[in-house]
Amino acid sequence: MSFTAEELELAPKKYEYLDHTADVQLHSWGDTLKEAFEQCGISMFGYMTELESIEIKQCEEIEATGDDLEGLLFHFLDELLFLFSCDPFLICSKLVITQFETGEEFRIKCKCYGEEFQIGKHPQGTEVKAITYSAMHIVNEPDKRKELFVIIDI
Amino acid sequence: MEDGLVKKLEDNTKRIFENMNVKSSYSEITKGKIRSIEPPIIIIPKKQQDSETTKKQVEQKIKPAEISVAVTKIKSAGHASKAHSQYFEEAMNQAIANVAALPGIVGKSIGLPDIHSGYGFAIGNMAAFDMNDPLSVVSPGGVGFDINCGVRLLRTNLYEKDVAPVKENLAQSLFDHIPVGVGSKGIIPMNAKDLEEALEMGMDWSLREGHSWAEDKEHCEEYGRMLNADPAKVSMRAKKRGLPQLGTLGAGNHYVEIQVVDEIFDKWAAAKMGIEEKGQVCVMIHSGSRGFGHQVATDALVEMEKAMKRDKIETNDRQLACARINSKEGQDYLKSMAAAANFAWVNRSSMTFLTRQAFAKQFGMAPDDLDMHVIYDVSHNIAKIEEHIVDGRHKTLLVHRKGSTRAFPPHHPLIPVDYQLTGQPVLIGGTMGTCSYVLTGTLQGMIETFGSTCHGAGRALSRAKSRRNIEYKDVLQKLKDMDIAIRVASPKLVMEEAPESYKNVTDVVDTCHAAGISKKAIKLRPIAVIKG
């Protein structure tokens, strides 16, 4: 599979990891919700390995739906985790959301760029067990930076 | 002969009662300590709740100050700032109070001394629900994501002096045998059909496949198989996640440790477990149901959220999703949770197999000749249907234990014959480089905490804080100074699991011992650590 230069370019980092006793809280932001979602997904992969070690060799598409924005975020991250946990064992350094619907229906389609996780090539970070709704917070106000807070269980 | 036998029995009974050391009730003992030391942990709801009152309480928001309290909290490890620990406490109190407001709860929502904040239930929280109350609920948040995460202890007939010269080789060999860390895959060949069978049969499957010994399951909670497991209730997604991970250790706080007996508190109980004297070598395995269990829990939370809207159950926390025990969602969860529990037992059995192989190769002796028997296997994230006496009445309860270990007293019908007189062995895993304990269950615990005790140290520092405050090189050097061999898949993350990040396990265990909810038997110290 070959990729264009644009596809290979990584997005600037707009996330951080916050304190939480047994787990970790992801905090991501962006000018749009779409960007914040992409950043949030990447931050989760960043906890599993060092993102610099990932070469973009493969692209998979995922789809997630939810009843509300929180549900959508939960399922979006759950899909990404699933992509990593079993075939194709994909670890991603770039996410591009191609469809982002809110309103009547909450739906995301996302292209995930990365490669198969290989022990030896990719440093082993922490295993993410699951996504949680605990203290989930989405800042979505007009004319303001969009922010996401999610706790992942590790 | 009769006389001798009777005398022996009488002696044994006397010894048990002496050992139990029942001074006064658990809450009595701990009452005085509360003001002098630190805050809360047992929360007794003001009254039994049904959905109406629950609703009201949700509206009023439970005030932790109004809740009666017992058991002191262990002081948190050095680095935690005041504001930080206060934040933990508030979060914990709120979590325990939220649990106390769930419909059908019996007695108390109990926090054990190793408690730290989780979501839904705090970790180190246990709660029991009346099976015969149609409003009672089951909550995946009360079990945790890592269903049947637990600890298994193997003994050997080796002593420290036998292992010390080959310690590094042995650690390396264990590390090579057992798949560890993020993204590792199991080495036992499996297909989808094998997985279905394993989910249904638990350790009986391991036995059939030749991975475990017939005696192993005797020394396992539920004999290594929950009979109500139904693989058909488990999503395809969970099975897909589980298949490649069966027989892997995982990451985070999971580990395999070679340990030596450091101290024997109860010689008699230790002898029953095959522990003769100080210096004897054991192997401790701490792992769970891997991605399989995590997905089962996630699926259940999603399903239950819908059921809650339907049944009009409200909770104070979205993560505390729950469903009526007798609803379809509740039953499905219990069946798939049982399948995940079986998965975890098979997983620990596979690693037991690999551990025995590594030892056998190193010492050129069969695992049988090395006497590598399972002492016991406990689950510390699980919900089980148990019989208890509440206010003098016999009741069938669904007991949720999240970061809490079952600790049944002597003579309880559900513990193996070998431990009928000592009480159930309770395995308390320490953290990298700190000691671990074997306790035994007591009658006091049965009465006061539904036969439950602590499960480990409990976190004191958040992971991010550990990363900032502790250098991974220092942690590795410290272990080296203590002469502990270490093999770790992600060395740069060891500070997250450094002893400084946790409460002192000895304090936790001592508190449980002093309160009489379990009794110290053996202390173990690690000489080699294998981690994800």
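Convention: sequence-line order gives letters A, B, ...; per-chain numbering from 1. Values in this document were obtained by computation on a predicted structure and should not be read as measured data.
Both the backbone and the side chain of Glu79(A) come within contact range of chain B, each with at least one heavy atom under 4.5 Å from a heavy atom of that chain. Only the side chain of Lys309(B) comes within contact range of chain A, with at least one heavy atom under 4.5 Å from a heavy atom of that chain. Looking at Val302(B), the atoms closer than 4.5 Å to chain A (heavy atoms on both sides) all sit in the side chain, from C-beta outward. In this structure, no portion of His122(A) lies under 4.5 Å from any heavy atom of chain B. For Ser184(B), the parts lying near chain A are the backbone and the side chain together; criterion is any non-hydrogen pair under 4.5 Å.
In this model, a donor atom of one side chain and an acceptor atom of the other lie less than 3.5 Å apart for Glu497(B) and Tyr502(B). Side-chain atoms of Gln25(A) and Tyr17(A) form no donor-acceptor pair, as typed in the model, at a separation below 3.5 Å.
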* Could you go through the salt bridge (Lys or Arg N to Asp or Glu O under 4.0 Å) check for Arg237(B) and Asp78(A) one step at a time? => CA-CA 11 Å; Arg237(B) 228 174 141 78; Asp78(A) 192 45; 3.2 Å; yes

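Using the six-membered ring where Trp is involved, Phe84(A) and Phe45(A) have ring planes that are perpendicular, over 60° apart on the 30 and 60° scheme.
Taking the six-membered ring for Trp and the full ring otherwise, His294(B) and Phe145(B) have centroids separated by 6.0 Å or more. Aromatic pair His286(B)/His380(B): ring centres closer than 6.0 Å.
The choice from Leu18(A), Leu81(A), Ile91(A) that makes the most heavy-atom pairs within less than 4.5 Å of chain B is Leu81(A). Ranked by heavy-atom pairs shorter than 4.5 Å toward chain A, the options Gly252(B), Gly181(B), Gly250(B) are led by Gly181(B).
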